[in-house]
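Residues take their numbers from the sequence shown, with the count starting at 1.
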Amino acid sequence: MPYYRQNENAPDAYDDADGTDGADFSPEEVPRAVVAIGGEMVTKGMELAIHAHRKAQLVLTLRGVVKCEADQSVWIVPPRCAVWIPGSMTHSVSFAGNVEVYCLFVEPDTTTALPQHCCTLSISPLLEHLIMHATRMSVMYDTNGTDGRLATVLLDQLSLAPVEKLNFPMPVNAKLRKLASAMMANPSDRATINDWAQRLAIAPRTLTRTLQRETGMSFGRWRQQLHILTALQRLDQGASVQNVALDLGYEGASAFVTMFRKALGKPPARYLADRRVAI
C-alpha cells in the first residue's frame, strides 16, 4: 500500500508493487477490509478541508503535530495514540512540523466491535507495527494469505484498543468557538472566565452555563484539557517539562506536574515513557 517520503522518489513514491499508481489511489475504492497509507513530510502548515469518507478512518501520529476536528471536538493527536473517525463523519485534518503519520481505512461493516463515535484510542506497540506493516502490503492483498491473516489480527487488536479521554470539545456557539480558537492559538493566556466574558461581551454566568452545556466541562477543566494535549505534543518533540510549564502559563514545573498527575494519573515523564515501551 502507499507510503510516502518527501523528496524520496516523489511523486512516484506512492507506486505500489502491484502497479497501483499513487496519483490515482483511492482507499474508498479498494475492496479490502483494511487499507493503510503512511507518510513522512516536513510542513510549516497544511490542512485538509472538511470532508468525509465512506470507510472509517484511524489517524496515527508518530511525529509532528496533527489535529483533527470532528464530532464537535478538536483532537490533538498525542504520541502513541490515534483518532478514530467513524465512516461518513465529516472532519478536517491539519499538519505542522516534521510529520510522520499513518491513516488506516476500515470497511464499516467489517466488525461491530469498533467504536461508533469519534474518540482517541491508545495504540499498543503491536498495533502500531501492524499498521506500519499494512502500508507495505499489496493494496489487493490475498485475503487468504499471510497479509490477509495479518489484517484480521490488526482488526482484532484495534477492537481491543482502550479509549482515552484526550479531546478538546469544540462548542457550537460562535462566541465560544472564538474563545476556543484564541486559547488554541495562545494556550499560555491565563485569563479567567470573567476576563473572557468581558472580552466576548457576554455575562459570566451565561458564558459558564453555555460552556458547561456544550462541552460538559467547567472553564478550568476545559482549559486544562487543552493544556494536557498541547503538553503531550511538545514533550514528545523533546521540550523540557520546565519550558512547557512556563509556555502554558504555569509558575513552574511543579504546578504543571501536579496538574498533569491529577488528570492522567502519572507525571509527564512516566506517562510518556510508558507509551514508548517496546514490544
Side-chain angles (χ1 to χ4, degrees), residues 47 49-50 65-78 81 83-86 89-94 96 115-121 162-235 239 241-268 271:
E47 182 173 356
I50 294 175
V65 178
V66 177
K67 298 179 182 179
C68 300
E69 183 169 349
D71 199 21
Q72 292 185 219
S73 277
V74 172
W75 309 82
I76 305 174
V77 189
C81 281
V83 173
W84 173 256
I85 305 171
M89 178 175 286
T90 57
H91 60 281
S92 62
V93 185
S94 63
Q116 300 302 306
H117 59 282
C118 195
C119 60
T120 302
L121 298 177
V163 175
E164 301 270 8
K165 295 181 179 180
L166 292 174
N167 66 299
F168 180 60
M170 181 64 70
V172 175
N173 180 277
K175 289 190 175 182
L176 287 182
R177 288 186 70 89
K178 182 178 179 180
L179 190 163
S181 297
M183 285 172 53
M184 287 189 288
N186 181 21
S188 65
D189 189 344
R190 304 298 292 182
T192 66
I193 189 74
N194 289 334
D195 295 331
W196 278 111
Q198 185 174 9
R199 294 176 187 180
L200 297 171
I202 185 173
R205 185 173 298 179
T206 300
L207 180 59
T208 299
R209 187 167 54 247
T210 305
L211 182 63
Q212 180 70 42
R213 183 177 66 249
E214 295 204 12
T215 69
M217 296 181 179
S218 66
F219 175 74
R221 179 68 185 87
W222 189 52
R223 179 164 60 186
Q224 180 187 88
Q225 189 76 351
L226 175 62
H227 285 177
I228 289 170
L229 295 172
T230 303
L232 286 172
Q233 287 281 6
R234 294 279 315 281
L235 292 168
V241 171
Q242 178 71 18
N243 285 341
V244 170
L246 295 176
D247 289 346
L248 292 177
Y250 291 84
E251 294 182 358
S254 178
F256 168 73
V257 169
T258 297
M259 177 279 293
F260 193 100
R261 183 188 290 112
K262 287 182 178 179
L264 297 182
K266 303 174 184 177
Y271 183 88

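With rounding to the nearest 0.5 angstrom, the SG atom of C81 is 5.5 Å from the CG atom of L166. The distance from atom CE of M259 to atom CG of L248, rounded to the nearest 0.5 Å, is 7.0 Å. Summarising the geometry, atom CD belonging to E69 is positioned 10.5 Å from atom SG belonging to C118; distances are rounded to the nearest 0.5 Å. To the nearest 0.5 Å, atom CD1 of residue I202 and atom CG of residue N173 are 6.0 Å apart. One distance of note links CE of M217 with CZ of F168; it measures 8.5 Å at 0.5 Å rounding. Here OG1 of T208 is found 4.0 Å from CD1 of I193. Values are rounded to the nearest 0.5 Å.
Counting only distance, with no hydrogens or angles, the side chain of Q225 and the backbone of K165 share a donor-acceptor pair below 3.5 Å. Judged by distance alone, with hydrogens and angles left aside, the side-chain atoms of E47 form no donor-acceptor pair with the main-chain N or O of S92 at under 3.5 Å. In terms of modelled atom types and a separation under 3.5 Å, the side chain of R177 and the main chain of V172 share no donor-acceptor contact. No donor-acceptor pair under 3.5 Å is formed between the side chain of D71 and the backbone N or O of S73.
Residues Q116 and P86 have side chains not in contact (no heavy-atom distance under 4.5 Å, counting atoms from C-beta outward). In this structure the side chain of V83 never reaches within 4.5 angstrom of the side chain of N167, judged on heavy atoms. Side-chain contact between M184 and L226 is present, with at least one heavy-atom pair separated by less than 4.5 Å. Residues L121 and V163 form a side-chain contact, since some pair of their non-hydrogen atoms from C-beta on lies under 4.5 Å apart. Contact of the L179 side chain with the F219 side chain is registered, since non-hydrogen atoms from C-beta on lie closer than 4.5 Å. Counting heavy atoms from C-beta on, the side chains of R190 and D195 never come closer than 4.5 Å. At least one side-chain heavy atom of F260 sits less than 4.5 Å from a side-chain heavy atom of L232.
For residues 245-266, the set of pairs meeting the side-chain hydrogen bond (donor to acceptor under 3.5 Å, both in side chains) definition, not counting sequence neighbours, comprises H227-Y250, R234-D247, K266-D274.
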- Message: Pair W75, H91 - check side chain to side chain contact (heavy atoms under 4.5 Å, CB included), show working.
- Response: CA-CA 10 Å; W75 309 82; H91 60 281; over 6 Å; no
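For the residue pair L176 and W222, the shortest heavy atom distance occurs at O-CH2, 4.1 Å. Shortest non-hydrogen contact noted between A191 and R223 is O-NH1, 2.7 Å. Here the closest heavy-atom approach between residue A245 and residue G252 is recorded as CB-O, 3.6 Å. What you find for W196 and A182 is that their closest heavy atoms are CH2-CB, 3.6 Å.
Heavy atoms of other residues, nucleotides or ligands lying less than 6.0 angstrom from CZ of R205 number 12 at most. For Q212, the CD atom counts as densely surrounded, since its 6.0 Å shell holds more than 12 non-hydrogen atoms of other residues, nucleotides or ligands.
Residues forming a salt bridge (charged side-chain N to carboxylate O under 4.0 Å, His left out) with E164 (at least two apart in sequence, or on another chain): R275.
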